Student: 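Have a look at this one before I ask anything.
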Amino acid sequence: MTVHIYNTLTRKKDAFIPVETGKVKMYVCGMTVYSDAHIGHARTYVAFDVIRRYFEYKGNTVFYVQNITDVDDKIIAAANKQGIDPLLYSQRFTDRCLTDLDALGVRRADLYPKASEAIPEMIHMIEQIIQNGYGYVADGDVYFSVESFSDYGKLSGQNIAEMKKSARIEPGDLKRNPLDFALWKKAKPGEPVWPSPWGPGRPGWHIECSAMSCSILGPAFDIHGGGMDLQFPHHENEVAQAEAATGQQFARFWMHIGLLTINGEKMSKSIGNIINIKDLLQRWDAEVLRMFFAQAHYRSPPDFSEKALTDVEKGRERLHRMKERLQEHAKKASAEKPTDSKLQEPEKQYLLTIKDFQDEFEAAMDDDFNTPKAFASLFEFVNKSNRFFEQYLNPNPELCKHALDVYLKTSSVLTVFQPPTHTPLKKESDITSALQALLQKYDKTIDTPTIDALLQALLEARQDARKEKDYKTADDIRKKLESLGFEIQDTTRGSVWRKK
RNA sequence: GGGCGGGUAACAAAGUGGCUAUGUGGCGGACUGCAGAUCCGCCUACGAGGGUUCAAAUCCCUCCCCGCCCUCCA
């Protein structure tokens, strides 16, 4: 009933009860926009998309905020290299990155606050931190004093003494302690600059998330998340900043997404194995990619490979065939609900199967969003449904409609069966003319050359050939249709086609 | 060195005291002109060694491996 979430703060699964009943406020660390969105981003944002969808499935209203980091060392470096204004540069990539995620079929967050537009909030928070004695000014820079904040390390499980041993001390640094981090950086040539009480400069790396999440969601919002790599130091610092400034507990639940590897290797620039979403979508269907990410438990590191995608693609076919099978059986359904009294014994059993499936799905998702288990319940339902339909040829349409509804509702949480987000490779008119050409070859014509009608006519032509035991022709037609993207199946009740 | 997470059948991946996970792949069968789909059956599973228990992949102990973070990262 209640969702349990593994909370990085407590290192156990805690019962999730939102601050405001029926409302879930979540903040997820977004992209630093200086290059195209890659599959690491895809992994994380698909994971949160599923989480968000499940909260909605449970009847919650979700307010999902994902920041855009558009003021950052790497952006500045990249922009300066090309002689472009850094803010203009990041603006360009913001659109590109979000479009990439759109193409993947990841639903957009409700709000994408940008660092560059939240400077006043950040300055305000830095002032509070200084006022409360946790920050200090040093020649136009402002630093956070880690040692003055006794809870420092509570999120990542680090302790200050141990960290000090491995801390790097950079020359020319004005930090009192090597672990201290910058809240505000004094202006340097070639960098974007904003005025501040400490002189012109720009915000440090971590302050944007503390400031924006607190100002938009209030300090004690429900869920804060991001990739596992952000746990330390980024999120640790966020907690320190926000709690030092507000004196209140910051985000209540912290969720960290397992990082993707590629063929067993860490994805990194130095290895040169970064794959962009855009490139991948050239070769793979968005749904396959989403399913690959959704199928991995969010805290585990999935290993990306072509083989893995192929396996997922096959599994997806199975899900799609079931959807079609259910739709077929549900065609004549009235708006009525299936009631026990109108059902035959096997149908009553199937009604129970549907109920069990939904219960299992929810139990899996309630348990820290156990998507592998949720998928298992989905596939199990497919198996049981197939078995039912094999034995029971004319099932109650309302019953099947009900099964379909449950099937679609649960699947869509896992991002399956979403409307296609890209244009198909072949245009409809091309397919029509190809089908027409094929039909003429077998001396047939039809009045209204729709795809449906053409396929029907071709299947009839093929059926004639089969009757005459002209299997060469029959196989030929099947092969040609296959190449046009139509799968032909000969069943006991005649030949049927489906789009691949 | 400090922190965190792993090692499950051919591959991927859940499970965490007794109950077929699941997906992909392989083999055999039913159906079929063939193919496909679907169904049925099968393919030495729990890193190693001890222990607790009526019962351990699951709890305890010892050991061996692997990954990630501690520097920018989703």
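Order of the sequence lines sets the chain letters (A, B, ...), proteins ahead of strands, with each chain counted from 1. Keep in mind that what you see is a predicted model, and the values were worked out from it rather than measured.
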Student: When all nucleic acid strands are considered with a 4.0 Å heavy-atom cut-off, which category describes A/Thr32: base, sugar-phosphate, or nothing?
Tutor: sugar-phosphate
Student: Whole angstroms only, please: what is the CD-C1' distance between A/Glu324 and B/rA37?
Tutor: 11 Å
Student: Mind running ring-ring contact (aromatic ring centres under 6.0 Å, His included) on A/His4 and A/Phe16 for me, showing each step along the way?
Tutor: CA-CA 5 Å; A/His4 281 70; A/Phe16 177 77; over 10 Å; no
Student: Would you kindly check if the NZ (Lys) or CZ (Arg) of A/Arg299 is within the cone defined by 45 degrees around the ring axis of A/Tyr6 and under 6.0 Å from the six-membered ring centre?
Tutor: yes
Student: Does a side-chain N or O from A/Arg325 land closer than 4.0 Å to OP1 or OP2 of B/rA37, or not?
Tutor: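 Checking A/Arg325 against B/rA37: no side-chain N or O falls below 4.0 Å of OP1 or OP2.
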Student: Which is true for A/Leu259 with a 4.0 Å heavy-atom rule: it touches a base, it touches only sugar-phosphate, or it touches nothing?
Tutor: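 Base, at least one base heavy atom under 4.0 Å.
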Student: Between A/His329 (NE2) and B/rU38 (P), how many Å, whole number?
Tutor: 13 Å
Student: Would you compute the distance between atom CG of A/Leu458 and atom NZ of A/Lys441 and round it to the nearest 0.5 angstrom?
Tutor: 11.0 Å
Student: Would you tabulate the nitrogen or oxygen pairs shorter than 3.5 Å linking the protein to nucleotides 3-11 of chain B?
Tutor:
| unit_1 | atom_1 | unit_2 | atom_2 | d |
| --- | --- | --- | --- | --- |
| B/rG3 | O2' | A/Ser156 | O | 2.9 |

Student: Heavy atoms under 4.0 Å, any strand shown: does A/Asn383 hit a base, just sugar-phosphate, or nothing?
Tutor: sugar-phosphate
Student: Here's a test of your reading of the structure: between A/Ser300 and A/Leu230, which maps to the more 5' nucleotide of RNA chain B?
Tutor: A/Ser300
Student: Assign A/Leu260 to base, sugar-phosphate, or nothing according to its heavy-atom contacts below 4.0 angstrom with the strands shown.
Tutor: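 Here A/Leu260 touches the bases of the nucleic acid.
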Student: Are there any protein N/O atoms within less than 3.5 Å of an N/O atom in nucleotides 30-33 of chain B, and if so, which ones and at what distance?
Tutor:
| unit_1 | atom_1 | unit_2 | atom_2 | d |
| --- | --- | --- | --- | --- |
| B/rG33 | O4' | A/Tyr471 | OH | 3.4 |
| B/rG33 | N7 | A/Arg466 | NH2 | 3.4 |
| B/rG33 | O6 | A/Arg462 | NH2 | 3.3 |
| B/rG33 | O6 | A/Arg466 | NE | 3.3 |
| B/rG33 | N1 | A/Asp475 | OD1 | 3.0 |
| B/rG33 | N2 | A/Asp475 | OD1 | 3.4 |
| B/rG33 | N2 | A/Asp475 | OD2 | 2.8 |

Student: State, to 0.1 Å, how close A/Met122 and A/Pro203 come at their nearest heavy-atom pair, and which atoms those are.
Tutor: SD-CB, 3.5 Å
Student: What is the distance, rounded to the nearest whole Å, between atom CD of A/Glu380 and atom P of B/rA21?
Tutor: 10 Å
Student: Can you tell me how far P of B/rG25 sits from CZ of A/Phe379, to the nearest Å?
Tutor: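 Going from A/Phe379 (CZ) to B/rG25 (P), I get 11 Å.
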Student: For the CG atom on A/Asn394, are there more than 12 heavy atoms of other groups (residues, nucleotides or ligands in this structure) within a distance under 6.0 Å?
Tutor: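 Atom CG in A/Asn394 is not crowded, with 12 or fewer foreign heavy atoms closer than 6.0 Å.
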Student: Rounded to whole angstrom units, what separation is found between the NE2 atom of A/His41 and the C1' atom of B/rC72?
Tutor: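 Result: 12 Å.
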Student: Describe the nucleic acid contact of A/Met228 in one word from base, sugar-phosphate, nothing, applying a heavy-atom distance below 4.0 Å.
Tutor: nothing
Student: Within the 4.0 Å heavy-atom criterion, would you say A/Gly30 contacts the bases, only the backbone, or no part of the nucleic acid?
Tutor: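 Sugar-phosphate, no base atom in range.
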Student: Using a 4.0 Å heavy-atom cut-off, does A/Tyr45 contact any base of the nucleic acid, only the sugar-phosphate backbone, or nothing at all?
Tutor: sugar-phosphate
Student: Using a 6.0 Å distance limit plus a 45 degree cone around the ring axis, check whether A/Lys323 lies over the aromatic ring of A/Tyr407.
Tutor: no
Student: Could you check whether A/His234 gets within reach of a base, just the sugar-phosphate, or nothing at all, counting any heavy atom under 4.0 Å?
Tutor: nothing
Student: For residues A/Arg252 and A/Leu9, report the shortest heavy-atom separation together with the two atoms involved.
Tutor: O-CD1, 3.8 Å
Student: So do the side chains of A/Phe250 and A/Ser213 get within less than 4.5 Å of each other, counting heavy atoms only?
Tutor: yes
Student: Just to be sure I understand the rule, does A/Asn386 reach a base, reach only the sugar-phosphate, or reach nothing, if contact means heavy atoms closer than 4.0 Å?
Tutor: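 Here A/Asn386 touches the backbone only, sparing every base.
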Student: To the nearest Å, give me how far apart CE (A/Met291) and P (B/rA12) are.
Tutor: 18 Å
Student: Ring centroid separation for A/Phe304 and A/Phe292, is it under 6.0 angstrom?
Tutor: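 Yes: the rings meet the under 6.0 Å criterion.
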Student: Find the distance A/Glu390:CD to B/rU38:C1' and express it as a whole number of Å.
Tutor: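 Value for this atom pair: 4 Å.
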Student: Working to the nearest 0.5 Å, report the span between CD1 of A/Ile488 and CD1 of A/Ile477.
Tutor: 9.5 Å
Student: Of the listed nucleotides (B/rG36, B/rG25, B/rA13), which one gets closest to any side-chain atom of A/Pro372?
Tutor: B/rA13
Student: Would you confirm whether the ring centroid of A/Phe389 sits within less than 6.0 angstrom of the ring centroid of A/Tyr350?
Tutor: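 Ring centroids of A/Tyr350 and A/Phe389 are less than 6.0 Å from each other.
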Student: So which nucleotide from B/rA74, B/rG15, B/rA37 ends up closest to the side chain of A/Cys29?
Tutor: B/rA74
Student: Starting at CD1 of A/Ile488 and ending at P of B/rA37, how long is that distance when rounded to a whole Å?
Tutor: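 It works out to 14 Å between those atoms.
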